[in-house]
Amino acid sequence: MKLLRLMPLLAVLATTFAVLATTFAPARARADGDPASDMLLAQSVFYPFSPAVAAGLQKTLNAEAAAANRAHFPLKIALIDSPVDLGAIPTLFGKPQQYATFLDQEISFANTKDLLLVVMPGGYGVAGLTPRATDAVASLPKPAGRQSDDLARAALEAIPKLAAAAGHPIGAVSRASGTSAGSGGGGSGGGGASPAGVAVLAVGAVVVAGAVMWLRRRRAQTR
């Protein structure tokens, strides 16, 4: 019965989200076609499309990014596993610093500059960091492998070192959920979600889509 009472609300939310998605899609196609520049407007980490980073590693990396933010080191992280992750600019694959410079311009507005870390199989790119943190990049070991999980593990090692070099050390983040590809995935399923939870998720999707659209338009106006 609760679900039936929520159906009108869910229908309105679904319609609103569909309209926003339809409106937003052409704007993205006309812009740069760079997926990370869209996703990082609404979240701290951009993950490769395929193969997907293990759920446990995603949970741990998200937690570490949140810890960095609490330590006044709000870092955006882009994990780029293949040219596909770069959308319309695949030629920048293998050039992490060049891509970091490009991405920095895409996600920064007016006087607001994000702190940025790009991780590719061949190494790292950064933007917006202090000189000491930028220098610390040279001491970071390259990812141990070329898979998405390797990039996530490299980011987990890099973030505390960069934060400390910038004068914003972060506390230890539990990595038990990110030690293996099969861990941490059991809690992310939606099969047991309540109708109220579904409504909250729908509202969240609408808010995020609207925020991305607004930020895109504001950036276009400032150029």
Side-chain angles (χ1 to χ4, degrees), residues 32 34-48 53-54 56-81 85-86 89 92-146 148-179 211-212 215 218-219 222:
D32 49 62
D34 171 39
S37 67
D38 291 332
M39 301 300 292
L40 290 178
L41 294 176
Q43 61 195 48
S44 295
V45 186
F46 170 78
Y47 291 98
V53 173
L57 281 171
Q58 290 193 35
K59 181 178 179 181
T60 306
L61 184 51
N62 290 340
E64 191 163 272
N69 187 61
R70 290 193 296 272
H72 307 288
F73 189 70
L75 189 66
K76 299 282 189 178
I77 305 108
L79 308 181
I80 307 298
D81 184 61
D85 297 319
L86 295 175
I89 50 170
L92 291 184
F93 184 70
K95 304 172 183 176
Q97 186 54 55
Q98 289 186 37
Y99 177 60
T101 301
F102 170 86
L103 183 57
D104 176 56
Q105 296 174 348
E106 292 298 296
I107 64 175
S108 297
F109 299 89
N111 296 324
T112 302
K113 299 288 287 184
D114 283 299
L115 310 181
L116 178 64
L117 170 66
V118 170
V119 185
M120 292 189 186
Y124 308 87
V126 295
L129 303 186
T130 65
R132 289 189 61 185
T134 301
D135 291 342
V137 175
S139 66
L140 298 175
K142 291 183 179 181
R146 302 186 60 85
S148 299
D149 284 359
D150 297 315
L151 303 186
R153 292 188 183 96
L156 284 170
E157 295 298 325
I159 293 170
K161 295 178 181 178
L162 298 179
H168 299 280
I170 64 176
V173 175
S174 173
R175 302 188 182 185
S177 61
T179 56
V212 171
L215 288 170
R218 182 180 175 187
R219 184 175 65 194
T222 57

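A quick note: this is a predicted structure, and the numbers were derived from the prediction, not measured. Hydrogens, waters and symmetry mates play no part in the numbers below; they use all other heavy atoms, side chains included.
- Atom CG of Leu86 is separated from atom OH of Tyr99 by 5.5 Å, given to the nearest 0.5 angstrom.
- Distance CG/Leu57 to CG/Leu156: 6.5 Å, rounded to 0.5 Å.
- Of all heavy-atom pairs spanning Ser37 and Leu41, the tightest one is O-CG, 3.3 Å.
- Looking at heavy atoms from C-beta onward, Ile107 lies in side-chain contact with Leu103 at the 4.5 angstrom threshold.
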Counting only pairs under 3.5 Å, give me each side-chain donor-acceptor contact of residues 66-73, with atom names and distances, residues two or more places apart or in other chains.
none

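- Within the 4.5 Å cutoff, the side chain of Leu79 has no heavy atoms near those of the Asp81 side chain.
- Atom-to-atom distance recorded for Ile77:CD1 and Ser44:OG is 6.0 Å, nearest 0.5 angstrom.
- Taken from NZ in Lys76 to CE in Met39, the straight-line distance is 11.0 Å, to the nearest 0.5 Å.
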### Task
Begin from the C-alpha positions of Asp38 and Phe46 and carry the test side chain to side chain contact (heavy atoms under 4.5 Å, CB included) through to its verdict.
CA-CA 9 Å; Asp38 291 332; Phe46 170 78; over 6 Å; no

Show every donor-acceptor pair shorter than 3.5 Å between a side-chain atom in residues 116-143 and any protein atom, with sequence neighbours excluded, or say none if there are none.
from, atom 1, to, atom 2, distance (Å)
Tyr124, OH, Pro141, O, 2.6
Thr130, OG1, Ala133, N, 3.2
Thr134, OG1, Thr130, O, 3.0
Ser139, OG, Ala136, O, 2.7

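- For Asp149 (side chain) and Ala54 (main-chain N/O), a donor-acceptor pair under 3.5 Å exists by modelled atom type.
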### Message
I'd like to know whether Val53 forms a side chain to side chain contact (heavy atoms under 4.5 Å, CB included) with Leu151, so could you lay out the CA-CA distance, the side-chain angles of the two residues, the decisive distance to 0.1 Å, and finally the verdict.
### Response
CA-CA 9 Å; Val53 173; Leu151 303 186; over 6 Å; no

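- When every heavy atom of Asp150 is checked against every heavy atom of Arg146, the shortest pair comes out as OD2-N, 3.4 Å.
- By the side chain to side chain contact (heavy atoms under 4.5 Å, CB included) test, Gln98 pairs with Leu92, Lys95, sequence neighbours left out.
- A donor-acceptor pair shorter than 3.5 Å can be found between the side chains of Asn62 and Tyr47.
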